[in-house]
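Working notes, structure below.
Throughout, protein chains are lettered first and strands after them, A, B, ... in sequence-line order, and every chain is numbered starting at 1. The shown structure was predicted, so the numbers you read here are calculated from the model rather than taken from an experiment. Note: hydrogens, waters and symmetry copies are ignored here, and every other heavy atom, side chains too, is used.
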Amino acid sequence: MRLSNLFGKTQRQVPAEAEIPSHQLLLKVGMIQQVAAGVYSYLPLGWRVLRKIETIIREEMDTAGGQELMLPVLQPIELWEESGRHRAFGEGLFTLKDRRGRRLVLGPTHEEVIIQLIRQHVRSYRDLPLMLYQIQTKFRDEPRSRGGLIRVREFHMKDLYSFDADEDGLDISYNKMVEAYRRICQRCGLPFLAVEADSGAIGGKDSQEFMVIAEAGEDEVIYCPQGHYAANKEKAQSAKAPLPAEELLPLVEIATTGVGTIEELANFLVIPHSRTLKAVFYWADEELVFVVIRGDLGVNEIKLRNTLKCFDLRLATEAEVMTAGLVVGSASPVGLAGVKVVADDSITMGANFVVGANKPGYHLKNANYPRDFGVDILTDIALAEAGQGCPKCGEPLLSTRAIEVGHVFKLGTVYSENLGALYLDREGRQRPIVMGCYGIGVGRLMAAVIERNHDPKGIVWPPSIAPFQVYLCPLAGDEQQVVSKAEEIYRQLQVEGFEVLYDDRSETPGVKMNDADLLGIPIRLVISPRTLERNGVEVKRRWEKSTELLPWDEVIQRLPALIASFGSG
RNA sequence: CGGGGCGUGGCGCAGUCUGGUAGCGCGCAUGGUUUGGGACCAUGAGGUCGGAGGUUCAAAUCCUCUCGCCCCGACCA
């Protein structure tokens with residue numbers, strides 16, 4: 001490709017609103033252009049990279065046994081009402097009406113559609129296992145798009161769905177996908193962390209996310225420095241510090257005028273937060289929920305939502321709490337009736353806690369579960385945070401921002417039961433198909449690669465996904481000889497099958513070199529009067545500082561090794 | 001949805017407070033001089049100042065409404 005013909009110019013300035021490196025560089029190089037909030041056009045360079053990533057994904061999916069197909073973007077809304085996810089997605093669904101007034105959605109994902117397909121074609125255990133995938137544009141009306149390609153409303157995504165006869169089969173399919181994802185990340189030059197993840201309101205059991213550690217990431221990962229544990233903060237657990245065992249003391253009411261928060265209570269009584277129990281109120285699908293948790297811990301709303309199996313969850317207003325007959329600032333589970341109580345299991349780790357007295361200006365000392373109060377649900381709903389203990393080894397946990405590039409989960413039979421995807425087993429019994437689903441955001445992966453592979457000059461593409469392998473850069477001046485040599489090498493490189501970007505512009509050396517660095521093509525070849533004098537070509541690898549002069553008849557044979565040396569130094 | 005900010009040639013920005021014929025840098029075009037790290041000189045093209053309504057002799061600037069975009073939060077299989 002001659003650079004003079006390439007559509008899309010590099011920019012010298014980018015909008016101040018582009019804040020993260022990948023967004024700035026994508027714009028600066030001229031790989032994307034924004035059309036609307038969270039909607040982008042891909043210019044030739046950006047599209048080339050995207051297609052290379054797709055190719056890698058395709059190869060790994062095929063190797064794992066996947067078969068590619070294509071599914072519709074336009075889907076009847078009834079399918080989504082049938083599965084119940086119409087409600088789960090809520091406003092996130094793009095919906096529209098056709099000319100007859102039928103309501104359609106722009107597919108945010110394709111479980112419903114593929115099950116419809118499966119229902120018709122899979123009737124017997126002989127048809128299983130099966131893995132089907134598609135790479136296509138999906139739509140989600142995100143409340144807020146952000147960070148260039150990190151979070152968009154129209155995006156390229158690969159989704160593979162696995163169909164098995166039983167849980168053992170699902171485990172096999174799932175593990176194949178995890179392995180494929182590892183390979184995809186490796187081939188794209190992306191260091192990743194596979195972490196435990198929440199599977200959402202209608203998800204299944206096991207779920208892992210493939211995270212790329214980056215400041216620009218929108219997720220927070222909690223992990224053990226010894227490598228024993230890593231999880232999305234939404235899902236993470238931590239060892240809750242146990243308190244020393246002590247004899248249960250009698251309940252005592254104490255005056256605590258002006259004390260409302262745990263902070264104030266702990267200061268007032270000069271006790272650690274962990275000696276108190278905190279009351280938090282939520283409004284969950286039209287119902288008030290009283291949450292009790294040890295004072296040193298916070299509530300993980302995602303765990304709570306999963307526990308309650310509700311759609312809408314928010315903090316209750318003060319008015320709602322008072323209407324239920326509770327005293328804000330001094331609410332108590334002791335003596336409570338008529339309100340659902342969800343407790344974190346931390347309330348069993350310790351004794352003689354201070355709790356509210358449900359009476360303004362008073363608290364109770366020495367409250368103990370279950371002696372003094374009951375709960376409806378007792379489970380883990382605590383928010384794990386850095387500094388708390390690793391659930392495996394107790395070492396203090398660390399936290400980092402990360403970009404979620406892939407997500408795999410075991411769906412089980414939730415969808416196949418809801419939507420009637422059944423098969424007949426060997427004994428002729430009808431059973432639900434056991435499903436898994438596995439997604440990768442292609443554009444987001446591209447952004448993640450840039451986040452991890454750039455320097456102050458520009459992008460440093462891993463050769464596997466670089467838009468071109470070689471940047472051929474004559475610094476000609478008046479020398480016609482330089483130009484004809486460059487043309488000759490350009491032809492040879494093409495004949496040998498290299499992807500070459502030939503900078504045939506009559507720009508100054510500074511401009512060309514800076515563009516070469518900005519674009520991040522792995523190998524830069526410079527031809528100038530200076531190199532011509534010595535019958536050579538100057539070679540520079542984008543990720544190294546030094547250059548070397550090679551005799552020009554050796555360059556082509558040395559190129560593959562030079563390209564392959566990425567990541568080894 | 002809550003808070004903050006921004007819409008002015010292709011890109012980046014100033015001008016708005018205090019109304020008076022729209023400016024700068026980059027890029028682009030033409031000619032010339034340059035050529036190993038974003039050159040220089042000259043000339044030139046390009047803008048209904050997001051949109052609608054209003055105030056005024058006069059609106060990018062003041063008022064009202066509206067649309068779009070960004071950031072933080074909420075939210076997010």
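When the C1' atom is used for both B:rG47 and B:rG27, the distance is 16 Å, rounded to whole Å. Atom name C1', nucleotides B:rC75 and B:rC1: the rounded distance is 9 Å, in whole Å. The gap from the P atom of B:rG53 to that of B:rA59 amounts to 13 Å, rounded to the nearest Å. Across B:rG38 and B:rU55, the matching C1' atoms stand 49 Å from one another, rounded to whole Å. Using atom C1' as the reference point in both B:rU16 and B:rG2, the two lie 28 Å apart (nearest Å). Across B:rU56 and B:rC67, the matching P atoms stand 27 Å from one another, rounded to whole Å. The same atom, C1', is picked in B:rC49 and in B:rU61; the two are 10 Å apart, to the nearest Å. B:rA74 and B:rA58 have their P atoms separated by 50 Å, with the value rounded to a whole Å.
Take A:H110 and apply the ring-ring contact (aromatic ring centres under 6.0 Å, His included) test, not counting sequence neighbours, and it matches no residue. Residues satisfying the ring-ring contact (aromatic ring centres under 6.0 Å, His included) criterion with A:W461, sequence neighbours excluded, are absent altogether. Residues meeting the ring-ring contact (aromatic ring centres under 6.0 Å, His included) test with A:F139, sequence neighbours left out: none.
The phosphate of B:rC76 (OP1 or OP2) has a side-chain N or O of A:R305 nearer than 4.0 angstrom. Listed pair A:R12 / B:rG27 meets the phosphate criterion, a side-chain N or O lying under 4.0 Å from OP1 or OP2.
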key: Base versus backbone protein contacts along nucleotides 9-16 of chain B [heavy-atom cut-off under 4.0 Å; B, S, -]   = --BSS---

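For A:M513, whose side chain is taken as the heavy atoms from C-beta onward, the closest listed nucleotide among B:rC70, B:rC71, B:rG36 is B:rG36. Looking at the side chain of A:L518, the nearest of the listed nucleotides B:rG38, B:rG36, B:rC71 is B:rG38. Ranking B:rU35, B:rG38, B:rC69 by closeness to the A:P509 side chain, first place goes to B:rU35. Counting only heavy atoms from C-beta on, A:A36 has its side chain closest to B:rC69 among B:rA77, B:rA39, B:rC69. Considering only side-chain atoms of A:D515, the nucleotide from B:rG37, B:rG38, B:rG36 that sits closest is B:rG38. Looking at the side chain of A:P143, the nearest of the listed nucleotides B:rU35, B:rA77, B:rA74 is B:rA74.
As rounded to whole Å, 10 Å separates atom P of B:rA77 from atom OH of A:Y415. The nearest whole Å value for the distance from the NZ atom in A:K9 to the P atom in B:rC26 is 17 Å. If you take CG of A:L315 and P of B:rG73, they are 17 Å apart, rounded to a whole angstrom. Distance CD (A:E301) to C1' (B:rC76): 13 Å, rounded to an integer number of Å. B:rC71 atom P lies 8 Å from atom CZ of A:R146, rounded to whole Å. We find that CD1 of A:I150 is positioned 15 Å from C1' of B:rC71, with the value rounded to whole Å. For the pair A:E538 CD and B:rG37 C1', the computed distance is 11 Å after rounding to whole Å. Protein atom CG of A:D517 is 13 Å distant from nucleotide atom C1' of B:rG36, rounded to whole Å.
The partner of B:rG31 is B:rC41, judged by Watson-Crick or G-U wobble contacts that both fall below 3.5 Å. Taking a pair to require two hydrogen-bonding distances under 3.5 Å in either a Watson-Crick or a G-U wobble arrangement, B:rC49 remains unpaired. Look at B:rC69: its Watson-Crick or wobble partner, with both distances under 3.5 angstrom, is B:rG5. Across all strands shown, B:rG20 forms a Watson-Crick or G-U wobble pair, both distances under 3.5 Å, with B:rC57.
Contacts of A:R524 with the nucleic acid, taken as non-hydrogen atoms under 4.0 Å apart, include base atoms. Residue A:K540 is classed as having no contact, given no heavy-atom separation below 4.0 Å to the nucleic acid. The residue A:T547 sits apart from the nucleic acid: no heavy atom pair falls under 4.0 Å. Residue A:Q34 is in sugar-phosphate contact alone, with no base atom involved, counting any heavy-atom pair closer than 4.0 Å across all strands shown. Within the nucleic acid shown, A:G148 has no heavy atom closer than 4.0 Å to any nucleic acid atom.
Panel note: side chain A:D504, backbone A:S4; a donor-acceptor pair is recorded below 3.5 Å.
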For residues 436-447 of chain A, which side-chain donor-acceptor pairs fall under 3.5 Å, sequence neighbours excluded?
from   : atom 1 : to     : atom 2 : distance (Å)
A:Y438 : OH     : A:S162 : OG     : 2.8
A:R444 : NE     : A:I150 : O      : 2.8
A:R444 : NH1    : A:E404 : O      : 2.8
A:R444 : NH2    : A:I150 : O      : 3.1
A:R444 : NH2    : A:E218 : OE2    : 3.1

Taking distance alone, no hydrogens or angles, what donor-acceptor pairs closer than 3.5 Å link side-chain atoms of residues 510-527 of chain A to residues at least two apart or in another chain?
from   : atom 1 : to     : atom 2 : distance (Å)
A:K512 : NZ     : A:P474 : O      : 2.6
A:K512 : NZ     : A:D503 : O      : 3.3
A:K512 : NZ     : A:R505 : O      : 3.0
A:D515 : OD1    : A:T10  : OG1    : 3.0
A:D515 : OD2    : A:R505 : NH1    : 3.1
A:D515 : OD2    : A:R505 : NH2    : 3.0
A:R524 : NH2    : A:E538 : OE2    : 3.3

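The base of B:rA74 has none of its N or O atoms less than 3.5 Å from a complementary donor or acceptor on the side chain of A:R314. Not a single donor-acceptor contact under 3.5 angstrom links the side-chain atoms of A:T508 to the base of B:rG38.
None of A:V289, A:I293, A:V280 except one satisfies the side-chain contact (heavy atoms from CB on, under 4.5 Å) rule with A:V342; the exception is A:V289.
In summary, the side chains of A:S207 and A:E209 do not present any donor paired with an acceptor at a separation below 3.5 Å, with no hydrogens or angles considered. Side-chain contact check for A:Y282 and A:E301: at least one donor-acceptor pair (N or O, by modelled atom type) lies under 3.5 Å.
Nearest-nucleotide positions on RNA chain B for A:M157 and A:G38 put A:G38 closer to the 5' end. When each of A:S506 and A:I302 is assigned the nucleotide of RNA chain B with its nearest heavy atom, A:S506 is the one assigned upstream, toward the 5' end.
Residue A:P432 comes nearest to A:S416 through the heavy atom pair CB-OG, 3.8 Å, listed as atom of the first residue, atom of the second, then distance.
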